[in-house]
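Notes to accompany the following structure.
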There are 2 protein chains.
Amino acid sequence: MNKRVTIKDVAKKTGLSISTISLVINNKGNVSEETKQKVLQAIEELGYYPARSARSLASRKTGNIGFILTEEHFSRSEPFYTKIFLGTEFESRAYNYYVLLTTVPTQFSKSAIPRFLLENNVDGVIFAGKINQKYVKYVEELGLPYILVDYDLSGKKVSAVMIDNVGGGEMATDHLLKLGYRKVAFIGGDIEHPSIRGRFEGFKKALEKAGVECAVDMCVVEEPDTRVINGYRACEKLFTKLKPEAIFAANDAMAIGCLRFLKEKGIKVPDEVAVVGFDDIEACIHVEPRLTTVRVDKEELGVVAVKHLVEMIRKPNSGINRVYLPVKLVVRDSCGAKKKGFYVFDDSKIDESLI
Amino acid sequence: MNKRVTIKDVAKKTGLSISTISLVINNKGNVSEETKQKVLQAIEELGYYPARSARSLASRKTGNIGFILTEEHFSRSEPFYTKIFLGTEFESRAYNYYVLLTTVPTQFSKSAIPRFLLENNVDGVIFAGKINQKYVKYVEELGLPYILVDYDLSGKKVSAVMIDNVGGGEMATDHLLKLGYRKVAFIGGDIEHPSIRGRFEGFKKALEKAGVECAVDMCVVEEPDTRVINGYRACEKLFTKLKPEAIFAANDAMAIGCLRFLKEKGIKVPDEVAVVGFDDIEACIHVEPRLTTVRVDKEELGVVAVKHLVEMIRKPNSGINRVYLPVKLVVRDSCGAKKKGFYVFDDSKIDESLI
DNA sequence: TTTTATTCATAAAACGCTTTAAATAAATTT
DNA sequence: AAATTTATTTAAAGCGTTTTATGAATAAAA
């Protein structure tokens, strides 16, 4: 086990002080070009690389970013937040950061405070998804820069990377209206969630724009959350009294729940009812019929979050960043556009690369 | 921005030296019960938590685990390795470690050496999947403990967590034989890969056990890798000359490729040909017919890897750990067992939780 | 030539802990 | 009471960097 090469060795080899070596490494202060080259060469020859822990201790910069999400979001097997996380992992490498992930319970508790915060082991924090406000407050009090992803705090101006939910909801509904459907229903759950609410808002906006009435009983929004089973139930409620021509579900999971209910009842999709979802999860291309949806680029959410957070770390007090990521309509089979001769998004390549 | 509480503050408050505080924190040395309690209380009251960087520097323990996989494995969208990674993330929290992830190119290059190795920022390393031997060698020379997941190094006894590929291949083939199929084919790609080879081996073992001949042209193993498209091609090759009753594909992706080919040709599954895959990826329950396969618990691979690695970190020279994780046959629709009245694995709950 | 700027390099303190040899105090033996 | 053990506690030396105030050397200005 060969001894670690330290800054001292570089100093000794070049005959300079360790201060000078440090200045060269960090590209700071006034160092003549000549000595700079000498140092760089010595570093190269010795294979020197500064130790992270020593650097962190002295500079009070850890080189880490914390990623916090609720246990619930982490364990759900549909990898929505997982993908956001992987996006941050990927992007952070470009900025020479590592991402430390941790989950927290939905309820705040002192003992659940992420260890990397207690240990002073991150330079900034990303919160993904719905999160208890107290966690955010704690981070704020530490004086750490932070950014929210796919969530927003009401009554508080914070940095955030959000999905254009309103635009997406509008887009999906516009599409259904364009296909000639007039009796269009909305299905949602956890309606207090900013994202779901935004999608609902977009839905209503599109109807209004088109001069189509938005009947109250065409909007089923009482479900507690947005899983498949609740899509199933909401659809069931809807069909007890009404017969919509089209359904816009707040997310793909609920849309798949609809498909399931409709298949059981022998109601043909899209012939009798059109269905559109939101998110574009992988299951969309596997269900029958393949689900038309609004694509959210999950990795990109993570990428953008890291970009902004790093900027906030580098120049503090740079103000608040709020970004809305655009979404994209992906037309497949469940909306009936294909039969009507409309343009259909080609995702065959995505299909291929899938596995 | 309130000043950070340090060990000095605790020392001052208790009237003890910082050495004593440190000993209490680390539960080392001889400290009387009385002072220990006094210290613990002061720590509690001050809300003290040792700084990671200072600790790392002094103790030469970083509290981090490195996770290395090839770029290729990271970017493939089927989240096989991603799940392993999430398993390590999850488990490492139990041991108070953080996982630093990095990807490396397939070919070794000096400039691609993970930064956390250069910076001395990990206490041990997990390699996931096929990896260039030179990376492993580099880590070994650093004197760091390491463990391989889902890969093995020929001619080298290293710690590893492996899938019971042979057992799984045997299980799948046994199942097909039990259902009465005799003309059973094997489809594989990247046959040099230890996992694929193991599955093939299990296949042959089962046939031999049953006294069924393993014809050479019933084994298509020339494909360069195991993606859907190559499953499609291999199946095509197979059917130009032969008509097997059943196919065991080296993984689900290739099995899905088979399904695709067979659907195109109008060959009914499982009525005319039975298909069994390996891995149990999510697409299995979405394809038509749902794919019978051998389930690999990916998260568990990560969990077990962390467990062993932490043990190796804690007591060096504890020897080499080699673990084979058991697999499980998941019977769905593509093998024809259902129709023949065999037991069918119930994954409805998994279906539900999926989204 | 002397004074003032400017450029470059360094000494030394700090960052917040761990670790070990040594000091001290208390308890036990002789 | 002195000597020896044993149990606690601490001083001090790191760990490997960053970061300033200071100093030396050189160049420019007076």
Side-chain angles (χ1 to χ4, degrees), chain A residues 1-40 42-43 46-64 96 115-116 118-121 123, chain B residues 1-40 42-43 46-64 96 115-123:
Chain A
M1 218 155 330
N2 30 8
K3 220 176 145 322
R4 178 172 181 81
V5 179
T6 74
I7 199 170
K8 267 190 194 162
D9 300 314
V10 182
K12 198 170 293 171
K13 178 162 177 133
T14 54
L16 293 159
S17 70
I18 60 169
S19 319
T20 305
I21 312 300
S22 175
L23 291 173
V24 171
I25 292 168
N26 294 290
N27 216 4
K28 278 185 184 173
N30 295 319
V31 183
S32 73
E33 192 55 36
E34 197 188 336
T35 44
K36 193 179 277 183
Q37 289 310 321
K38 192 160 67 174
V39 171
L40 257 22
I43 285 177
L46 291 172
Y48 167 71
Y49 208 97
R52 176 86 265 164
S53 53
R55 257 192 144 166
S56 301
L57 182 59
S59 70
R60 314 172 140 286
K61 289 283 168 206
T62 67
N64 299 325
N96 272 4
R115 188 164 50 87
F116 54 59
L118 300 171
E119 290 182 329
N120 250 239
N121 201 17
D123 299 334
Chain B
M1 218 154 331
N2 29 8
K3 220 175 146 317
R4 180 175 179 79
V5 179
T6 75
I7 199 170
K8 266 190 195 164
D9 300 314
V10 183
K12 198 170 294 171
K13 179 166 179 127
T14 55
L16 292 159
S17 69
I18 61 167
S19 320
T20 304
I21 313 300
S22 176
L23 291 175
V24 172
I25 292 167
N26 295 289
N27 215 4
K28 277 184 185 174
N30 295 318
V31 183
S32 72
E33 192 55 34
E34 196 190 336
T35 44
K36 192 179 276 181
Q37 289 311 323
K38 192 161 67 175
V39 171
L40 257 22
I43 286 177
L46 292 171
Y48 168 71
Y49 208 96
R52 177 85 265 162
S53 53
R55 258 193 143 166
S56 300
L57 183 58
S59 69
R60 310 171 144 289
K61 290 284 169 202
T62 68
N64 299 325
N96 273 4
R115 188 163 52 87
F116 55 59
L117 294 179
L118 300 170
E119 290 182 328
N120 250 241
N121 200 17
V122 293
D123 299 333

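Just so we're on the same page: letters track the sequence lines, and every chain starts at 1.
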Check your understanding: Between B/Leu57 and B/Glu33, who's closer to the 5' end of DNA chain D by nearest nucleotide?
Key -> B/Glu33
Revision key, fill the gap. 5'-most contact on DNA chain D (nearest-nucleotide basis), B/Ile18 vs B/Arg60, goes to B/Ile18
Point to revise | Sugar-phosphate only, base, or nothing, as touched by B/Ser56 at under 4.0 Å among non-hydrogen atoms | key: nothing
Check your understanding: Which part of the nucleic acid does B/Ser53 contact within heavy-atom distance under 4.0 Å: base, sugar-phosphate only, or nothing?
Key -> nothing
Does [X] use its side chain to pair, donor to acceptor, with the backbone of [Y] at less than 3.5 Å?
X	Y	answer
B/Asn64	B/Asn121	yes
A/Thr35	A/Val31	no
A/Asp123	A/Thr62	yes
B/Arg115	A/Asn96	yes

Practice item. Would you indicate, yes or no, if C/dC17 has its OP1 or OP2 atom less than 4.0 angstrom from a side-chain nitrogen or oxygen of B/Ser59? Key: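 No, because none of the side-chain N or O atoms of B/Ser59 sits under 4.0 Å from OP1 or OP2 of C/dC17.
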Practice item. Indicate whether OP1 or OP2 belonging to C/dT10 is found under 4.0 Å from a side-chain N or O atom of A/Ser17. Key: yes
Point to revise | Residues within residues 19-29 of chain B bordering DNA chain C, heavy-atom distance below 4.0 Å | key: B/Ser19, B/Ser22, B/Asn26, B/Lys28
[X] has an atom [atom1]; how far is it from atom [atom2] of [N], in whole Å?
X	N	atom1	atom2	answer
A/Lys12	C/dT10	NZ	P	15 Å
B/Glu34	C/dA25	CD	C1'	14 Å
B/Tyr49	C/dG16	OH	C1'	15 Å
A/Lys8	C/dA11	NZ	P	13 Å
A/Lys36	C/dC8	NZ	P	10 Å
B/Ile7	C/dC15	CD1	P	14 Å
A/Glu119	C/dC17	CD	C1'	13 Å

Study note, to complete from the structure: At a 4.0 Å cut-off to heavy atoms of chain B, the contacted part of DNA chain D spans D/dT8 to D/dG16
Point to revise | Among C/dT10, C/dC15, C/dC17, the one nearest B/Arg55 by side-chain distance | key: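 Looking only at heavy atoms from C-beta outward on B/Arg55, the closest nucleotide is C/dC17.
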Distance from [X] atom [atom1] to [Y] atom [atom2], nearest 0.5 Å?
X	Y	atom1	atom2	answer
A/Ile21	A/Asp9	CD1	CG	10.5 Å
B/Lys28	B/Leu23	NZ	CG	8.5 Å
B/Lys13	B/Tyr48	NZ	OH	15.0 Å

Review point. Would you say the side chains of B/Ser56 and B/Ser53 form a donor-acceptor pair under 3.5 Å?
Key: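 The criterion, which ignores hydrogens and geometry beyond distance, is not satisfied for B/Ser53 and B/Ser56.
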**Study point:** Listed partners of A/Ser22 passing side chain to side chain contact (heavy atoms under 4.5 Å, CB included), at least two apart
**Key:** A/Ile7, A/Asn26
Exercise for review: Taking side chain to side chain contact (heavy atoms under 4.5 Å, CB included) as the test, write out the residues that go with B/Glu33, two or more places apart.
Suggested key: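 With neighbours one apart ignored, the set is B/Lys36, B/Gln37.
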Point to revise | Minimum heavy-atom distance between A/Leu57 and B/Ala54, given as atom pair plus value | key: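 Closest approach of A/Leu57 to B/Ala54: CD1-CB, 3.7 Å.
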Practice item. Kindly calculate the angle separating the two end axes of the helix from C/dT1-D/dA30 to C/dT30-D/dA1, each obtained from five base pairs, and round it to 10 degrees. Key: 60°
Check your understanding: Taking only residues two or more places apart in sequence or in another chain, which ones pass salt bridge (Lys or Arg N to Asp or Glu O under 4.0 Å) with A/Arg55?
Key ->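 Per chain and number, A/Arg55 pairs via salt bridge (Lys or Arg N to Asp or Glu O under 4.0 Å) with no residue.
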